[in-house]
Amino acid sequence: MSFDSRAAGRFFPASLASAVDLQRRLAGRVRQTALPASPRRVAGADLSYDRARGRLYAAVVVLERSSGEVVEIARHEGPVRVPYVPGFLSFREGPAILAALDQLSRLPDLLLCDGQGLAHPRRFGLACHVGVATGLPTVGVAKSRLCGTHRDPGRRRGCRTRLVDRGEVVGAVLRTRTGVRPLYVSVGHRVRLEDACREVLFWARRFRSPEPVRLADREVAVMRRIVAGPTGQTG
DNA sequence: GCGACAG
DNA sequence: ATCTTGTCGC
């Protein structure tokens with residue numbers, strides 16, 4: 001596929017221009033179709049970096065809708081191959097997420113990604129890239145804004161406003177908890193913005209982030225801690 | 001030229 | 001993301 005770690009590794013910093021071309025080309029493959037009313041297995045993906053070791057840790061945690069229980073966890077550890085450049089996050093994180101997904105015994109019905117989807121300068125954020133590369137329905141859930149402007153949503157849980165960039169509605173600014181900073185939700189692939197907000201609200205009750213993403217975040221933190229050792233020493 | 005800028 | 005102590009607010 002047009003998304004393998006070796007290719008990504010050779011991408012930077014040589015040709016941001018070709019990365020832009022790739023994003024523009026693949027953006028045409030994003031589909032905004034209706035998601036089933038109640039996707040059963042929903043996963044969250046997240047990463048953590050160890051600057052000192054130059055390593056990256058990725059985890060995908062799959063939850064079952066009816067019980068809310070974790071049904072499977074997939075992990076991946078590898079070297080950091082690409083620097084973080086705003087607008088090109090997927091080249092850095094995407095390959096690791098795909099590697100983790102490969103470890104799953106069964107793919108989820110929906111994947112929540114920690115980052116933007118269509119709420120991206122070229123409408124091809126991390127969630128879109130992972131969605132198009134895998135064919136899975138994906139949603140972008142970011143904790144801060146990459147592009148676009150918006151009004152502040154009401155302070156109550158469930159309140160939302162439109163995120164608009166160059167005249168297009170590219171996402172929603174959604175309050176998942178009363179009085180807490182809102183999340184930036186956008187379409188990744190094979191979902192509509194409506195579905196995306198519905199799912200994020202469903203999975204984010206006690207905390208700001210939806211449970212699958214929150215657990216993936218916790219998982220990569222554990223992975224780092226284990227590698228670092230109980231004392232946190234390098235040797 | 002001056003900011004803005006997912007993780 | 002990660003580095004980091006104390007500190008402000010409910």
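All values below were derived from every heavy atom in this structure, side-chain atoms included, with hydrogens, water molecules and symmetry-related copies excluded. By convention in this document, chain letters (A, B, ...) are assigned in the order of the sequence lines, proteins followed by strands, and residues within each chain are numbered from 1.
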Who passes side chain to side chain contact (heavy atoms under 4.5 Å, CB included) against A:Leu146, sequence neighbours left out?
-> A:Gln116, A:His120, A:Pro121
Check: A:Arg55 side chain, A:Asp50 main-chain N or O, donor-acceptor pair, under 3.5 Å | no
Using the ring of A:Phe202 (Phe, Tyr or Trp, six-membered ring only), decide whether A:Arg65 places NZ or CZ under 6.0 Å from its centre and within 45 degrees of its axis.
-> yes
Going by atom type alone, with no hydrogens or angles, which donor-acceptor pairs under 3.5 Å involve a side-chain atom of residues 158-165 of chain A and a protein atom two or more places apart or on another chain?
{"residue": "A:Thr161", "atom": "OG1", "partner": "A:Arg151", "partner atom": "O", "Å": "2.7"}
{"residue": "A:Asp165", "atom": "OD2", "partner": "A:Arg123", "partner atom": "NH1", "Å": "3.0"}
{"residue": "A:Asp165", "atom": "OD2", "partner": "A:Arg123", "partner atom": "NH2", "Å": "3.2"}

What one should report as the nearest heavy-atom pair of A:Ile97 and A:Leu47 is CG1-CD1, 3.7 Å
Is a side-chain N or O of A:Arg190 found less than 3.5 angstrom from the main chain of A:Gly135, in a donor-acceptor match?
-> yes
Sidechain-backbone polar pair: A:Thr138 side chain, A:His189 backbone, donor-acceptor under 3.5 Å | yes
How is the hydrophobic cluster of A:Val180 composed, in terms of its other members, when Ile, Leu, Val, Met, Phe, Trp and Tyr link through side-chain heavy atoms under 4.5 Å apart, directly or indirectly?
-> none
Side-chain donor/acceptor pairs under 3.5 Å, residues 31-46 of chain A, sequence neighbours excluded:
{"residue": "A:Arg31", "atom": "NH1", "partner": "A:Gly28", "partner atom": "O", "Å": "3.1"}
{"residue": "A:Arg40", "atom": "NH1", "partner": "A:Glu64", "partner atom": "OE2", "Å": "2.5"}
{"residue": "A:Arg40", "atom": "NH2", "partner": "A:Glu64", "partner atom": "OE2", "Å": "3.2"}

Measure the distance from CG on A:Leu47 to C1' on C:dA1 and round it to the nearest whole Å.
-> 10 Å
Close residues, residues 180-198 of chain A, relative to DNA chain B [heavy-atom separation under 4.0 Å] = none
Contacts of A:Arg214 that satisfy side chain to side chain donor-acceptor pair (under 3.5 Å) - sequence neighbours left out = A:Glu211
Quickly work out the A:Arg53 CZ to C:dA1 C1' distance and round it to whole Å.
-> 16 Å
Check every strand shown and say whether A:Tyr84 touches a base, only sugar-phosphate, or nothing at a heavy-atom separation below 4.0 Å.
-> base
Got a donor-acceptor contact below 3.5 angstrom from the A:Ser90 side chain to the A:Gly125 backbone?
-> no
Is A:Val85 linked to A:Phe124 within one hydrophobic cluster, defined over Ile, Leu, Val, Met, Phe, Trp and Tyr using a side-chain heavy-atom separation of less than 4.5 Å?
-> yes
Paired and unpaired positions of DNA chain B as dot-bracket, Watson-Crick or G-U wobble under 3.5 Å, | denoting a partner strand | .......
Atom OG of A:Ser186 and atom CG of A:Leu193: how far apart are they, to the nearest 0.5 Å?
-> 8.0 Å
First contact, last contact: which nucleotides of DNA chain B are these for chain A, 5' to 3', heavy-atom distance under 4.0 Å?
-> B:dA4 to B:dG7
If you look at every strand shown and take non-hydrogen atoms under 4.0 Å, does A:Gly140 touch a base, only sugar-phosphate, or nothing?
-> nothing
Should stems be defined as at least three consecutive Watson-Crick or G-U pairs with both distances under 3.5 angstrom, which of them involve DNA chain C?
-> none
Quick one: A:Leu56 CG to C:dA1 C1', roughly how many Å, whole number?
-> 10 Å
Salt-bridge contact A:Arg106-A:Glu72 (side-chain N to carboxylate O under 4.0 Å) = no
note: A:Met223, atom CE; C:dT2, atom P; distance rounded to Å ~ 12 Å
In B/S/- notation, 5' to 3', how is nucleotides 4-10 of chain C contacted by protein heavy atoms closer than 4.0 Å?
-> -------
Pairwise ring pair (Phe, Tyr, Trp, His ring centres under 6.0 Å) hits with a residue in residues 147-180 of chain A, at least two apart = A:His150-A:Tyr184
State, to 0.1 Å, how close A:Val130 and A:Gly94 come at their nearest heavy-atom pair, and which atoms those are.
-> CG2-CA, 4.4 Å
Side-chain N or O of A:Arg224 less than 4.0 angstrom from OP1 or OP2 on C:dC3?
-> yes
Where is the tightest heavy-atom contact between A:Phe91 and A:Leu22, given as atom of each residue plus distance?
-> CE2-CD2, 3.8 Å
Which ones in residues 145-172 of chain A lie close to DNA chain B, meaning a heavy atom under 4.0 Å from one of its atoms?
-> A:Arg145, A:Leu146
Joint cluster assignment, A:Leu174 & A:Val141, ILVMFWY side-chain distance < 4.5 Å | yes
